Amino acid sequence: MKDIVKDWCKFCEGEETYDKSYFYTLFWQDQFSKDELYEIFKYFPNSNELLDLMFDYIYDCNIIEDKSTSYLMQLVKNDISEKTSLSDNLKYIKNYPVEFVDDYNFVKNKIDSEEYYKYYDEVSDVLADRWIIEDKKTFALYEAFYGLTKSYEIVWYLFSPLISTKINYKYYVDIMMLGGVYTIYNNKILVSKEI
């Protein structure tokens, strides 16, 4: 077992004290066996779900057959629909038209738009209020997922067994796997794909 996994176990069992940021690099190792991932997740409810999601994510077990623009657009619509269902403050976004834009960098840069930020911030706040447990090891796991993915949307997917919602977070992961990106800008949902 890797040293950082041993440290994680000591931390979760209360034998050692670490700042949550110590585990930011927990998943930076080259490879994890399923047994090592089990050791990391065994301290949480829904540990088998956490294990399955993580294993699929790090070993790219999710093959997407349809790589078409129309499928990407449908994934974005589904992702928006799922996330806007979390809050009445977001329902208006469902009515926005969805448009494909050839300029990937334009769409990616508009993720900083005020409209997208409001959407993202509301989703983030709602999800933060629905964690099923809140303790040091849970915050440390959340940080470790971010250390791996650098994307809170993917963190939400990996962390979803510890959030009391029934939405499908996988749409966003599939969008990313297809090289897709979307934003909300000028009362539209703009979608693009990296070529």
Side-chain angles (χ1 to χ4, degrees), residues 19-27 44-46 49-50 53-54 57 62 72-101 103-194:
D19 183 80
K20 67 180 180 177
S21 62
Y22 176 77
F23 296 106
Y24 184 81
T25 62
L26 178 63
F27 298 115
F44 299 97
N46 306 320
E49 290 175 56
L50 287 165
L53 288 174
M54 184 64 163
Y57 178 76
N62 301 307
L72 175 62
M73 300 278 284
Q74 188 59 53
L75 286 172
V76 170
K77 289 175 189 176
N78 293 347
D79 191 56
I80 292 277
S81 179
E82 290 286 312
K83 289 176 181 164
T84 56
S85 73
L86 292 170
S87 171
D88 289 338
N89 296 335
L90 298 174
K91 299 244 186 253
Y92 68 94
I93 295 171
K94 286 184 185 180
N95 298 322
Y96 284 0
V98 180
E99 295 181 11
F100 188 82
V101 177
D103 188 344
Y104 175 84
N105 289 325
F106 175 82
V107 175
K108 187 168 181 162
N109 290 334
K110 293 303 179 192
I111 289 175
D112 292 335
S113 75
E114 185 177 335
E115 288 174 280
Y116 187 81
Y117 179 78
K118 285 180 183 178
Y119 160 76
Y120 173 87
D121 201 38
E122 181 72 14
V123 171
S124 183
D125 287 348
V126 169
L127 295 179
D129 288 341
R130 294 188 183 177
W131 287 19
I132 61 174
I133 56 172
E134 291 184 31
D135 58 14
K136 289 180 182 179
K137 70 181 181 299
T138 309
F139 284 101
L141 180 64
Y142 195 81
E143 287 289 312
F145 282 154
Y146 186 77
L148 172 67
T149 67
K150 309 295 186 286
S151 164
Y152 282 114
E153 290 93 339
I154 297 175
V155 170
W156 299 336
Y157 166 71
L158 295 172
F159 197 76
S160 63
L162 301 178
I163 303 173
S164 65
T165 62
K166 297 294 180 205
I167 69 168
N168 184 340
Y169 299 89
K170 189 169 180 315
Y171 293 127
Y172 189 85
V173 174
D174 290 348
I175 291 164
M176 294 292 94
M177 289 180 69
L178 289 171
V181 65
Y182 74 85
T183 192
I184 301 167
Y185 182 68
N186 283 343
N187 299 328
K188 296 177 187 172
I189 299 165
L190 305 180
V191 182
S192 193
K193 186 174 182 178
E194 193 168 30

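We're numbering straight along the sequence, starting at 1. In this text, all values refer to a predicted model and were calculated from it rather than measured experimentally.
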* If we only count heavy atoms from C-beta on, is the Y172 to K83 side-chain gap below 4.5 Å? -> yes

* Contact summary for M176 and V181, nearest pair of heavy atoms -> CE-CA, 4.3 Å

* To do: Give a yes or no on whether K137 atom NZ has more than 12 heavy-atom contacts from other residues, nucleotides or ligands under 6.0 Å away.
  => yes

* Establish, from distance only, whether the side-chain atoms of T138 and D135 form a donor-acceptor pair under 3.5 Å. => yes

* Asked: Below 6.0 angstrom between ring centroids: does that apply to Y116 and Y119?
  -> yes

* Can you find a heavy atom in the side chain of Y171 that is under 4.5 Å from one in the side chain of V76? -> no

* To do: Before accepting this row, confirm whether a basic side-chain N of the pair E122/K118 lies closer than 4.0 Å to the acidic partner's carboxylate O.
  => no

* Roughly how far, to the nearest 0.5 Å, is NZ of K188 from CD1 of I93? -> 15.5 Å

* Taking the side chain as every heavy atom from C-beta outward, state whether L72 and F100 have any pair of such atoms under 4.5 Å apart. => yes

* To do: Taking the side chain as every heavy atom from C-beta outward, state whether Y117 and D112 have any pair of such atoms under 4.5 Å apart.
  => no

* Nearest 0.5 Å, what's the OH-NZ distance between Y157 and K170? -> 5.5 Å

* Structure fact -> In short, T183 meets K110 closest at the heavy-atom pair OG1-O, 2.7 Å

* Asked: Shortest non-hydrogen contact from P45 to L50?
  -> O-CD1, 4.2 Å

* To do: Please round to the nearest 0.5 Å and tell me the distance separating atom OG of S164 and atom CG of D129.
  => 9.5 Å

* **Nearest non-hydrogen partners of P161 and E49, listed with the distance** => CG-CB, 3.6 Å

* Crowded around K166 NZ? As in, over 12 foreign heavy atoms under 6.0 Å? -> no

* Do any N or O atoms from the side chain of S192 and from the backbone of F106 form a donor-acceptor pair under 3.5 angstrom? -> no

* **Check: Y96 ring centre within less than 6.0 Å of Y92 ring centre** => yes

* Test S81 against N78 for side-chain hydrogen bond (donor to acceptor under 3.5 Å, both in side chains), laying out the working first. => CA-CA 5 Å; S81 179; N78 293 347; over 6 Å; no

* Does the T84 side chain pair with the main chain of K94, one donor and one acceptor, at a distance under 3.5 Å? -> no

* Which distance, rounded to the nearest 0.5 Å, do you find between the CD of E99 and the CG of N186? -> 10.0 Å

* Asked: From I175 CD1 over to M73 CE, what is the distance, rounded to the nearest 0.5 angstrom?
  -> 11.0 Å

* Asked: Is it true that W156 and Y120 have ring centroids separated by less than 6.0 Å?
  -> yes

* If you round to the nearest 0.5 Å, how far is OH of Y146 from CZ of F159? -> 15.5 Å

* Asked: Does the side-chain contact (heavy atoms from CB on, under 4.5 Å) test come out yes or no for Y22 and E143, once each step is laid out?
  -> CA-CA 9 Å; Y22 176 77; E143 287 289 312; over 6 Å; no

* Asked: Run the side-chain contact (heavy atoms from CB on, under 4.5 Å) check on I154 and Y57 step by step: do they pass?
  -> CA-CA 9 Å; I154 297 175; Y57 178 76; 3.7 Å; yes

* Structure fact -> All heavy atoms of K193 vs all of Y104, minimum pair found to be C-CD1, 3.5 Å

* Asked: Do V191 and V101 have side-chain heavy atoms sitting under 4.5 Å apart?
  -> no

* Do Y142 and Y152 come within less than 4.5 Å of each other through their side chains, counting heavy atoms only? -> yes

* **pair T165-L127: side-chain heavy atoms closer than 4.5 Å** => yes

* **Test item: side-chain donor near acceptor, D79 and Y169, under 3.5 Å** => no

* To do: Grab the two heavy atoms, one from L53 and one from L158, that are nearest each other, plus how far apart they are.
  => O-CD2, 3.9 Å

* To do: State whether the number of non-hydrogen atoms from other residues, nucleotides or ligands found under 6.0 Å of K91 atom NZ is greater than 12.
  => yes

* Just wondering, more than 12 heavy atoms not from D121 lying within 6.0 Å of its CG? -> yes

* Answer yes or no: is there a side-chain heavy-atom contact under 4.5 Å between W131 and L162? => no

